[in-house]
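In what follows, a single structure is set out as structure tokens and then discussed.
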Amino acid sequence: METYVQELPVLLQLNNNSNNNNLKMNLFENFKLGQNTDLKNRIVMAPLTRCRAIENIPNELMATYYKQRASAGLIISEGTSPSPNGLGYPRIPGAFSDDQINGWKTIAEAVHSENGKIFVQLMHTGRITAKANMPTGSVTLAPSNIQAAGEMFTETGMVAHEIPRTMTLEEIETTQNEYVLSAKRLVNEAGIDGVELHAANGYLMNQFINPKSNQREDQYGGSIENRTRFVLETAKKVAIEIGSDKVGIRFSPYGAYNDMLSDYEELENTFIHLSKELAKIELAYIHIVDQRVAFGAPDFTTNIKKIIKENFEGTVISGGDVDTVEKAEAILNSGLDLVYVGRPFISNPNFVKKLQDNEELVAPDVNTFYSPGEIGYTDY
Ligand code: PHB
């Protein structure tokens with residue numbers, strides 16, 4: 001297989017066609033995302049589940065947390081459910097009630113007061129859930145009624161994932177409309193800069209894409225066109241509502257987390273199809289999570305990041321294990337546009353400055369990743 005180094009001339013060409021005209025080191029310079037969003041640098045704070053949203057409502061503590069990290073070029077929020085049915089984890093925020101939208105308004109104002117930008121990640125957990133975490137009256141829905149292996153944490157311990165119900169066609173449409181309504185309210189009422197559709201890491205959208213969790217025999221399962229239909233239809237509907245340049249999407253090709261099939265025969269063509277279709281609607285970006293690092297996924301069998309970039313042509317974000325300028329610049333020099341950083345942002349709110357000044361990073365305390373309250377959250 002060719003290496004990145006051998007492929008550099010091709011990637012240089014790609015780079016020439018995008019926003020920047022040469023390969024100079026521009027990690028700390030401005031980047032225009034879509035028509036409306038000016039980022040002050042190319043560092044993106046990755047979405048991180050933090051479980052501080054008591055009763056699923058974003059609060060002042062979360063506003064403080066995001067404000068502390070607003071020197072990122074773009075913050076992508078923690079996974080936020082567009083539906084009561086998508087609240088699989090304890091204390092994750094929603095974006096469907098008035099209180100939740102008001103909470104996001106406070107967060108948007110806090111980030112904007114520091115000249116930062118924030119997209120809210122819309123994460124419907126689908127079958128990755130436990131009844132104990134879900135509000136009364138909600139239902140566990142997925143493309144097929146296949147239980148995910150593994151366990152979910154609840155306030156009282158670990159339990160097997162819920163057995164989901166196969167979504168009806170009507171429920172598919174209702175769920176898509178929940179994404180649309182959340183996106184509309186987040187942008188128009190809360191003043192959030194845009195949304196990211198979470199189609200990675202084994203949650204609902206990924207459950208449709210992946211053949212292990214999608215064994216439908218109707219127009220939403222089987223072929224590449226059918227497995228990607230839920231995601232593409234939703235992306236189009238959301239883009240029509242709030243503008244395509246305010247909509248990004250996250251994929252995890254070759255990911256195995258949450259009981260996904262890591263590799264399958266049509267994988268490469270599935271992501272080529274997604275990239276081409278999303279290019280047609282000029283989505284703001286594709287965000288590729290590299291599960292090899294934080295999630296221990298197997299190695300990629302193709303150069304999938306480059307394949308997605310070539311077929312999408314627009315802004316592509318990726319990263320994985322970035323904690324030095326050199327590692328960040330390697331991502332840009334490979335032809336991608338923005339670099340995501342996850343865990344280091346937990347324990348280094350001023351990560352961008354530390355990177356710039358080559359200061360030592362503080363290690364995060366894993367015991368407080370998901371605990372309620374300010375310890376291990378706003379006290380770094
Ligand atoms: C998690 O909370 O474990 C989690 C949530 C969203 C992801 C990945 C992991 O995309």
Side-chain angles (χ1 to χ4, degrees), residues 44-54 56 58 62 65-66 74-83 85-95 118-130 132-134 140 142 148-155 157-162 179 182 195-210 213 231 248-260 262 285-297 317-322 340-346 364-372 376-377:
V44 174
M45 177 175 155
L48 296 159
T49 299
R50 301 307 312 277
C51 299
R52 261 64 177 191
I54 309 301
N56 311 112
M62 289 165 60
Y65 165 80
Y66 284 114
L74 176 67
I75 292 172
I76 302 171
S77 82
E78 62 207 276
T80 300
S81 182
S83 165
N85 302 332
L87 291 166
Y89 289 87
R91 289 174 270 105
I92 61 170
I118 179 166
F119 275 38
V120 167
Q121 189 197 55
L122 292 179
M123 172 175 85
H124 189 306
T125 48
R127 66 179 190 159
I128 302 300
T129 188
N133 296 338
M134 302 263 284
T140 299
E151 294 185 316
M152 168 55 70
F153 66 96
T154 72
E155 302 287 10
M158 301 297 290
V159 296
H161 288 120
E162 203 57 22
Y179 282 92
S182 268
V195 299
E196 174 174 286
L197 302 174
H198 194 358
N201 297 347
Y203 301 103
L204 183 67
M205 287 187 154
N206 198 177
Q207 289 159 30
F208 271 92
I209 297 170
N210 199 281
S213 44
V231 171
I249 196 161
R250 195 175 208 212
F251 294 131
S252 53
Y254 298 113
Y257 184 66
N258 281 327
D259 200 18
M260 293 285 93
S262 173
Y285 66 78
I286 292 179
H287 181 180
I288 307 165
V289 48
D290 193 329
Q291 282 198 5
R292 289 175 296 188
V293 184
F295 304 84
I317 310 173
S318 197
D321 197 29
V322 171
Y340 78 74
V341 173
R343 289 179 184 208
F345 259 113
I346 291 178
D365 172 13
V366 295
N367 297 315
T368 51
F369 276 5
Y370 307 123
S371 55
Y377 190 57

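Each ligand, and each atom within it, is numbered from 1 in the order the structure gives. Computed over heavy atoms, backbone and side chain alike; hydrogens, waters and symmetry mates excluded.
- Using the six-membered ring where Trp is involved, His198 and Tyr203 have ring planes that are tilted, between 30° and 60° apart.
- Residues satisfying the side-chain contact (heavy atoms from CB on, under 4.5 Å) test with Ala148, not counting sequence neighbours, are Arg127, Ile128, His161, Asp259.
- Contacts of Glu196 classified as side-chain hydrogen bond (donor to acceptor under 3.5 Å, both in side chains), with partners at least two apart in sequence or in another chain: Gln121, Tyr285, His287.
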Run through all N or O atoms in ligand 1 and write down each protein N or O closer than 3.5 Å, as a pair with its distance.
{"residue": "ligand 1", "atom": "2 (O)", "partner": "Thr49", "partner atom": "OG1", "Å": "2.9"}
{"residue": "ligand 1", "atom": "3 (O)", "partner": "Tyr257", "partner atom": "OH", "Å": "2.8"}
{"residue": "ligand 1", "atom": "10 (O)", "partner": "His198", "partner atom": "NE2", "Å": "2.6"}
{"residue": "ligand 1", "atom": "10 (O)", "partner": "Asn201", "partner atom": "ND2", "Å": "2.5"}

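- Judged as a side-chain contact (heavy atoms from CB on, under 4.5 Å), and not counting sequence neighbours, the contacts of Ala130 are Asn133, Met152, Thr154, Val159.
- A side-chain donor-acceptor contact under 3.5 Å links Ser252 to the backbone of Asn201.
- Gln207 places no side-chain N or O within 3.5 Å of a backbone atom of Met260 that could act as its donor or acceptor partner.
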